[in-house]
Every structure is written in C-alpha cells, then in structure tokens.
Number of protein chains: 2
Amino acid sequence: MSSAIAGAAADGSVAVGGRKAPADKYDERRRALGDSALRTLGELGYARASLREIANNSEFSHGVVHYYFEDKHDLIVYCVREYKSVCVRRYDGVIADSTTPEELVGGFADKLIETLRDEAAMHRLWYDVRTQSMFDDRLRAVAVEIDGWLEEMVGRVVGRYAELAGTVPALPASVLYGIVDGLFQQALLGVTQGREGVLEELHALVHALLPTMVTPA
Amino acid sequence: MSSAIAGAAADGSVAVGGRKAPADKYDERRRALGDSALRTLGELGYARASLREIANNSEFSHGVVHYYFEDKHDLIVYCVREYKSVCVRRYDGVIADSTTPEELVGGFADKLIETLRDEAAMHRLWYDVRTQSMFDDRLRAVAVEIDGWLEEMVGRVVGRYAELAGTVPALPASVLYGIVDGLFQQALLGVTQGREGVLEELHALVHALLPTMVTPA
DNA sequence: CCGTCGTCTTGACAACTGTCAAGGGTTTTC
DNA sequence: GAAAACCCTTGACAGTTGTCAAGACGACGG
C-alpha cells in the first residue's frame with residue numbers, strides 16, 4: 001500500500017513536537033531527492049528527464065521516487081516550487097538594505113546577472129515548465145502561482161525603487177513583470193547560445209530602464 | 001534506399017522548370033503534411049505530439065512521415081519555420097499603409113490581439129520550440145533564426161512608428177523585441193488560462209507603450 | 001502487356017517510458 | 001528478542017516512441 005505518502009501527508013501537517021520525528025527524516029530525504037532531481041531536470045528539461053535518469057544522478061534507485069512522490073508530475077511540481085520559492089526572495093536583502101535608488105538598481109542588476117550566470121539551468125527549467133503548462137492542465141495551477149510570485153517580486157523591487165526616488169511606479173506590476181521577464185528570457189537564451197557580453201548588456205539595460213519605470217519625480 | 005528525400009533535396013534547390021515537375025507534387029504533399037502536423041503540434045506541443053498522432057490527424061498513415069521528412073526533428077523544424085516565415089510578415093501591410101503614428105499603433109495592436117485570439121496554439125508551439133532549443137542543440141539554429149526574424153519585425157514596426165512621428169526609436173531593436181515578446185507571452189499565458197480581458201489589456205498597453213519607445217519629438 | 005518509378009501502407013523492431021508489486025534489510029517498538 | 005514499521009532495491013508490466021524494411025497499389029512509358 002502507498003501508506004508512506006498518505007501517512008506522511010497526514011503527519012506533515014500535524015508537525016509532531018518533542019523527539020526527532022520520523023517525518024523529519026522523511027522530509028529530509030524528500031528534499032534531497034528533489035534537489036538531485038532538480039539538477040537533472042535543469043540539464044535535460046521536463047520532457048527528456050526520465051525518472052530513471054533522475055534516480056541515476058542521485059544516490060537512490062529508480063523505484064524510490066514513488067515512495068516519496070505520487071508520480072512524476074508530483075515530483076516536478078515539488079522541485080520547481082521549492083526552487084522558485086527561494087528564488088523570489090533573492091532581492092529581499094537588496095530591497096531592505098538599499099538607501100538610495102542607485103544602490104537598489106545596482107544591487108538588483110548585480111544579483112540578476114549573477115543568477116543568470118550561475119543558475120541558467122534552473123531558469124530554463126522554469127520557462128520549460130511554464131510553457132508546458134500551456135499544453136498540460138495539471139501544470140497550469142503551479143505555473144500561475146509561481147508567475148504570481150515573480151510578478152510580486154518585480155513589483156517589490158520597482159516599488160521600493162520608486163519609494164527611494166520619492167515617486168511611484170509608472171505601470172502596474174503585471175506589465176513591469178512582463179517587461180523584465182521578457183528581457184531576462186532573451187538574456188537567458190543568449191547565455192545558452194554562448195553569446196558574449198549578454199550579462200553586461202542586461203546589467204546596463206537594467207540601469208537604463210528602471211528609471212523609466214517610475215513616474216518622473 | 002531513401003532516394004526520395006535525397007533526390008528531392010537535390011531537386012528542390014535546382015528548381016526544375018518546364019513541365020509539371022514531380023517536385024511540385026512532392027513539395028505540395030510535404031506542405032500538406034506540414035500543415036496537418038502543425039495543427040497537432042499546436043494542440044499537444046513538441047514533446048507530446050507523436051508521429052503517429054500527427055499522421056492520425058492527417059490523411060496519411062504514420063509511415064509516410066519518413067518519406068517526406070528525414071525524421072521528427074526535420075518535420076518540426078519545417079513546420080515551425082514555415083508558419084513563422086509568414087507570421088513575421090503579418091504587419092507589413094500596416095507598416096506600408098499607415099500615414100500617421102496613431103493609425104500604425106491601432107493597426108499593430110489590432111493584428112496583435114487578432115493573432116493572439118485566433119492562433120494561440122501556434123504561438124504556444126513557437127514558445128515551446130524556443131524553450132526546447134535551450135535543451136536541444138539541434139533546435140538552437142532554427143530558434144535563433146526565427147527569433148532574429150521577430151526582432152526585425154518589431155524593429156520595423158517601431159522604426160516606422162518613429163518615422164511617422166518624426167523621431168527615432170529610443171532603444172535597440174533587441175530590447176524592443178524583448179519587451180514586446182515578454183508582454184505578448186504574458187498575454188498568451190492569460191489567454192490559455194482563460195482569463196478575461198487579456199486581449200483588451202494588451203490592446204491598451206500597446207497604445208500606451210509604443211509612444212514611450214521612441215525619443216520625444 | 002511488362003517493367004519501372006513514385007507513392008503510400010503495413011507491420012515489425014528495439015528502446016524507452018511511468019508505474020507498481022514483491023521482497024530484502026534495517027531500524028524501531030513493545 | 002520477537003514483531004512491526006520503515007526504507008529502499010529489484011524486476012517486471014504494459015504502453016508508447018521513432019525508425020525503417022518489405023511490399024502493395026497505381027500510373028506511365030516502352
């Protein structure tokens with residue numbers, strides 16, 4: 001019986017207290033498997049990454065996936081949501097610590113090209129999942145959810161920038177996100193193609209564009 | 001032997017002249033199969049559309065694909081390139097006929113939401129292929145090529161708009177394309193999710209944004 | 001009327017997929 | 001220390017995939 005999954009789902013919400021709960025180890029393993037899967041998924045993409053390949057690149061065998069996850073869809077949703085939930089918090093420090101508009105732009109642009117350089121595989125996986133969500137109903141919900149997170153993130157950055165500049169954003173967050181996301185995606189495509197200077201261009205572009213996203217002071 | 005493909009490839013470039021050449025029928029069939037495949041691909045996406053399913057939705061059997069195309073990759077590249085090559089010419093009439101900036105914006109926005117409404121499946125297929133190109137080397141070339149077409153298209157639209165307004169674009173075509181593409185993609189996601197008012201919002205957005213894409217007159 | 005060429009169908013192939021049942025160790029519990 | 005629970009591996013399943021060879025069918029030219 002698949003008591004492990006059902007049981008853990010029940011236990012997990014109860015959040016047992018005193019001793020080293022078994023749910024801890026379960027969640028830990030689940031996270032480890034998710035991390036490992038994330039690497040393979042980022043390398044091969046949603047369609048090409050089979051459960052066997054994912055398991056091969058981990059310390060487990062291929063059958064274990066169904067012990068910790070309901071099915072492939074469940075695993076992928078878990079992985080992407082896990083990654084993206086920390087991803088959207090990347091600029092919180094910059095937002096909190098910046099005291100001038102220029103400082104915020106610099107910090108934002110720096111971290112943007114940093115993640116573009118270091119985590120390109122994760123980003124292309126996200127775009128893969130979001131695109132697949134247009135064909136697969138089961139991915140729709142999580143894609144919409146994460147897209148909402150990202151929109152809020154961009155909204156926070158531009159909102160804080162406007163605040164520091166003593167003004168307000170010139171466009172709704174959804175539009176700002178669409179613009180930033182489009183440019184980021186183009187940069188990601190450029191990175192994947194091995195084009196030179198992509199990171200520097202995006203860095204400069206952010207500096208040039210952010211001031212135009214708020215109403216003149 | 002696969003003489004059909006090899007022979008046609010050789011014939012195709014020679015472009016035989018006088019009589020009703022067999023290459024005509026060959027190309028005609030190839031186009032018909034491509035059209036049919038395009039419908040299935042737009043419905044299911046790159047990964048889920050099997051050659052059997054594609055053939056099922058056509059008047060042919062599944063084996064015929066390898067008579068007209070080298071392999072699945074060849075078929076998909078042919079289809080997408082074929083569709084996109086007419087797609088990027090969609091606004092040429094508007095560009096040529098408009099006599100005022102406002103007229104051009106209106107025509108551009110109209111056609112944009114028209115294709116978003118009527119050909120959503122084709123657009124999500126394109127985004128699918130472009131995203132897959134980040135995982136699959138064999139798709140890279142065609143994705144880069146088509147992305148170039150689209151960038152030029154946006155460049156032509158904004159360039160003509162600036163001309164009619166007596167000024168010049170404020171940003172390079174690559175940036176303009178990134179912005180427009182990002183917003184278009186968000187709208188496409190919205191349409192796919194069945195969100196209301198997406199088309200109207202994009203229409204208004206184009207009207208609001210295009211003037212900001214040229215240097216003030 | 002025979003043979004040839006172009007066109008298309010059928011059937012098979014090997015490989016790969018997600019899924020899951022059966023069972024072996026290992027740990028925990030009483 | 002026996003019994004139960006937990007964790008994980010192995011092996012198999014049914015289905016699907018891209019690919020291609022063998023051959024049928026019809027048209028056309030001799």
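Only heavy atoms go into these numbers, but all of them, side chains included; no hydrogens, no water, no symmetry mates.
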Along nucleotides 13-18 of chain C, 5' to 3', which nucleotides get a B, which get an S, and which get a -, given that the test is a protein heavy-atom distance under 4.0 Å?
----SB
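Counting to the nearest Å, the P atom of D/dT9 and the CZ atom of A/F60 are 7 Å from each other. Between B/D74 atom CG and D/dG18 atom P the separation is 14 Å, expressed in whole Å. Across the protein-nucleic acid pair, B/D27 atom CG and C/dT7 atom C1' stand 15 Å apart, rounded to whole Å. If you take CD1 of B/I76 and C1' of D/dG18, they are 11 Å apart, rounded to a whole angstrom. Rounded to whole Å, the distance from CD on B/E59 to P on C/dT7 is 14 Å. Look at CG on B/L44: it is 14 Å from P on D/dT16, rounded to the nearest Å. Protein atom CD1 of B/I54 is 16 Å distant from nucleotide atom P of D/dT16, rounded to whole Å. Between B/Y67 atom OH and D/dC25 atom C1' there is a gap of 13 Å when expressed in whole angstrom units.
The closest side-chain donor-acceptor pair between B/S98 and B/R160, if any, does not fall under 3.5 angstrom.
A salt bridge is defined here as a Lys NZ or Arg NE, NH1 or NH2 lying under 4.0 Å from an Asp or Glu carboxylate O, and B/R81 with B/E145 meets this definition.
With B/R124 contributing its side chain and A/T131 its backbone, the two residues share no donor-acceptor pair below 3.5 Å.
Across D/dC8, C/dT10, C/dT7, the shortest atom-to-atom separation from the side chain of B/Y68 is found for C/dT7. Counting only heavy atoms from C-beta on, B/H62 has its side chain closest to C/dA12 among C/dA12, D/dT9, C/dC8.
Within the structure, ring pair (Phe, Tyr, Trp, His ring centres under 6.0 Å) contacts touching residues 171-191 of chain B (residues at least two apart or in different chains) are B/H123-B/F184.
Taking the side-chain hydrogen bond (donor to acceptor under 3.5 Å, both in side chains) definition, one finds that B/D136 meets it with nothing, sequence neighbours left out.
In this structure, A/Y78 and A/E70 have side chains that are not in contact, with every pair of non-hydrogen atoms separated by 4.5 Å or more.
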